[in-house]
2 protein chains.
Amino acid sequence: MTGTRRSGGRPTLEQVAARAGVGRGTVSRVINGSPRVSERTREAVERAVAELGYVPNRAARALAANRTDAIALVIPETETRLFAEPYFSDIIRGISTELADTEMQLLLTLIRTPKERHRLAQFLGAHRVDGVLLVSVHADDPLPDLLEEIEMPAVLSGRRAAGESVPYVDSDNVGGASAAVEHLIGRGRRSVATITGPLDMYVAQCRLDGYRQALAVAGHEPDEGLVEPADFTEEGGRRAMARLLERRPELDAVFCASDVMAAGARQVLREQGRRVPEDVALVGFDDSAVARHMDPGLTSVRQPTEEMGRMMARVLLAEIGERDPDRPQVVLTTELIRRASS
Amino acid sequence: MTGTRRSGGRPTLEQVAARAGVGRGTVSRVINGSPRVSERTREAVERAVAELGYVPNRAARALAANRTDAIALVIPETETRLFAEPYFSDIIRGISTELADTEMQLLLTLIRTPKERHRLAQFLGAHRVDGVLLVSVHADDPLPDLLEEIEMPAVLSGRRAAGESVPYVDSDNVGGASAAVEHLIGRGRRSVATITGPLDMYVAQCRLDGYRQALAVAGHEPDEGLVEPADFTEEGGRRAMARLLERRPELDAVFCASDVMAAGARQVLREQGRRVPEDVALVGFDDSAVARHMDPGLTSVRQPTEEMGRMMARVLLAEIGERDPDRPQVVLTTELIRRASS
DNA sequence: ATCACGGATGAGAGCGCTCTCAAGCCGGGG
DNA sequence: CCCCGGCTTGAGAGCGCTCTCATCCGTGAT
């Protein structure tokens, strides 16, 4: 009973050192893979570690070394609901995969209220993590700049705007959208409309750009009447589709900037007696569960979500190791998944 | 330059103490809300804290107090894919909500490989967190017992078996299933089949029990030919539906133990020219996005997922505070969401 | 006025680790 | 044979916080 009211008396560095017959510092070196240890000593220490089942105390290490071995995944609330589908879990899976061989821990932070936002800022300001992964950040979000300011490594999923200054991993939204529209045109559709996301989001802009580019390439006259902005929600998709049909009853295809909006659009089409794909072809974006379960199955642009998660983690780890002066930027290609809706 | 290569020179307890003109211990007391501080002193300290923007160093605190102010959410991989839908994010949202007013951090841990499993065990064994939330644990999972052994507070979502010994939060699967079947019978269905989950999972058993109970109450003859086990996957639902139709072509309703399986079943029904709900009524379980987007909309049993997350966190926090000798057990009620499929 | 008692407070001792630094050891060159 | 340089190693000093304990002060009881 030497005053150890402590954690089940787990072994400490000191004890490992004693057992291996070396000093604390040496054990520390071995644990951290320093090259300045002789082979003999290393082996002795490793044996002692194994025998005692030693696991370093993270808090002590963090305190002494002034790092945390943890990164935060920050998810603004609204997005979690919108993107909930596979996006969310896929990206987490990717991150987790990349972190698996690391000592890094993943902290999950949902941001819903201004209060939580403030707490997060404080939390980050106090350097409670070594780096931050930011998912679906809005253009006007001050967080990335805050992070920049306090020199906290960060990686975004998606850009806030063209010329994003913070390192990011994004998918090729322009290319994906244009492939989708190209496909519709290739199927003989003459009047291709689009339901966009909120246009203050860069991702929505990109998909709209892709739509326009594909039409231009195919030599279609631009017709702004075929463009209807929405908000990535099902209800928004519904309303947009209704407006579109009223304005351009002759349309025979719709590219929706998200599957969820496509689901809404599909409902309106059904209500108005338009068959999919016979009367109107439909293409979505995200290749979410919704797309697979729609009837008919929804053709959709697939983003390599898990891969994005992996890349984000990889880039962040690199940034934590040593900041890259020219901020790393990764853009992953998309893939068109064809189903019966087009 | 007093040798501070440290974290941006953020203020320490010591500095706050100096500024407030008190001792370190007193500041600590104020920070931790100890009652043994005079009003005057408390105010002075709080002012100093505000002025300096002091935020306690978590690592130091963890080291000194031998706690971590973090809990882990452990998710076995397979489940994340199966339940991906809203379940996953809803439960996280619930947990996060409950944790919002706490100092607790949420660590996310995905378990896919035996290696990761081992790392987790080691991690937990080293008391790297104050408690653990376990999502969808299999009956034969050794993790809960390990946790029990090392006296790590834990809460399960769902029971591994009847008479679960670890604290848990579950939804009323029996009641939900029985309500679903009752509903089908109430709609005049005579031959109600069921597609179950893997029967080595307690949750699947419960839903099957509910199915049987409702039939019994309604005075239906038990007919094991109407019971087809599957595995919670879409493909499994498809196969089960096919077998069911072959064996009992006269069936006019199916209760599926998950929406995803219902989606599979629905495809087979369509292929075989059976209309839903005219020929065969369909009910699912989970009330996931799939249910809403099926055509016709799938009647489904809704679990209060977010609420479950909240309860889990709440129970765990209580357990961390002081372990309840009779393990807390919470069962939340379900709700039948009626749509056009029944 | 004196003593005891309870609450408020500060000093001190770590928590387990990393990191710096100087000492110890070896071999080779002068 | 001695000195120097390079490598390995251990000691020591914290990192910022909590917690125990002794001290100090004011108060009511005597």
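Lettering follows sequence order; numbering is per chain, from 1.
Which of D:dT9, C:dA8, D:dG10 sits closest to the side chain of B:T41 comes down to C:dA8. Proximity note for B:Y54 (side chain, C-beta onward) versus C:dC17, C:dC15, D:dC17: the nearest is D:dC17. Comparing D:dC7, D:dC19, C:dT18 by their closest approach to the side chain of B:A65 singles out D:dC19. Of the candidate nucleotides D:dG10, D:dC17, D:dC15, D:dG10 has the atom lying nearest to any side-chain atom of A:V22. Among the nucleotides D:dT18, D:dG16, D:dC15, the one closest to the side chain of B:L13 is D:dT18. Side chain of B:R67, nearest nucleotide from C:dC17, D:dT18, C:dG7: D:dT18. Side-chain proximity of A:A64 to the nucleotides D:dT8, D:dG10, C:dC17 is greatest for C:dC17.
Put simply, A:S28 has a side-chain N or O that comes within less than 4.0 Å of OP1 or OP2 on C:dT18. Side-chain N/O atoms of B:S38 include one lying less than 4.0 angstrom from OP1 or OP2 on C:dT9.
Computed from coordinates, the A:I31 CD1 to C:dC17 P distance equals 8 Å when rounded to whole Å. Following rounding to the nearest Å, A:Q15 (CD) and C:dC15 (C1') show an atom-to-atom distance of 13 Å. A:L63 places its CG atom 13 Å from the P atom of C:dC15, with the value rounded to the nearest Å. For the pair A:N57 CG and C:dG14 C1', the interatomic distance rounds to 14 Å; values are reported in whole Å. Rounded to a whole Å, the CZ atom of A:R58 is 12 Å from the P atom of C:dT18. Between the P atom of D:dC24 and the CZ atom of B:R36 lies a distance of 19 Å, rounded to the nearest Å. In this entry the distance linking CD of B:E39 with P of C:dG7 reads 17 Å, nearest Å. Across the protein-nucleic acid pair, B:R40 atom CZ and D:dG26 atom P stand 13 Å apart, rounded to whole Å.
Of the charged side-chain nitrogens involved, at least one lies within less than 4.0 Å of a carboxylate oxygen, so that B:R327 and B:E319 count as a salt-bridged pair. Ionic pairing of A:R310 and A:E307 is present here: one or more N-O contacts between side-chain nitrogen and carboxylate oxygen are shorter than 4.0 angstrom. A salt bridge is absent between B:R160 and B:D170; no separation between the charged side-chain nitrogens and carboxylate oxygens falls under 4.0 Å.
In this structure, B:R29 and B:A59 both approach DNA chain D, and ranking their closest nucleotides by distance from the 5' end singles out B:A59. Between B:N32 and A:R42, the residue anchored closer to the 5' end of DNA chain D is A:R42, taking for each the nucleotide with the nearest heavy atom.
A donor-acceptor contact under 3.5 Å links the side chain of B:R24 to the base of D:dT18. Between the base of D:dG16 and the side chain of B:R10 there is no donor-acceptor pair shorter than 3.5 Å.
Every residue was checked against the salt bridge (charged side-chain N to carboxylate O under 4.0 Å, His left out) condition with B:E46, not counting sequence neighbours, and none meets it.
In this structure, A:R58 contributes its side chain and A:D69 its backbone to a donor-acceptor pair below 3.5 Å.
Residue B:R61 is in sugar-phosphate contact alone, with no base atom involved, counting any heavy-atom pair closer than 4.0 Å across all strands shown.
The residue from A:I95, A:L134, A:V129 that alone fulfils the side chain to side chain contact (heavy atoms under 4.5 Å, CB included) condition with A:L73 is A:I95.
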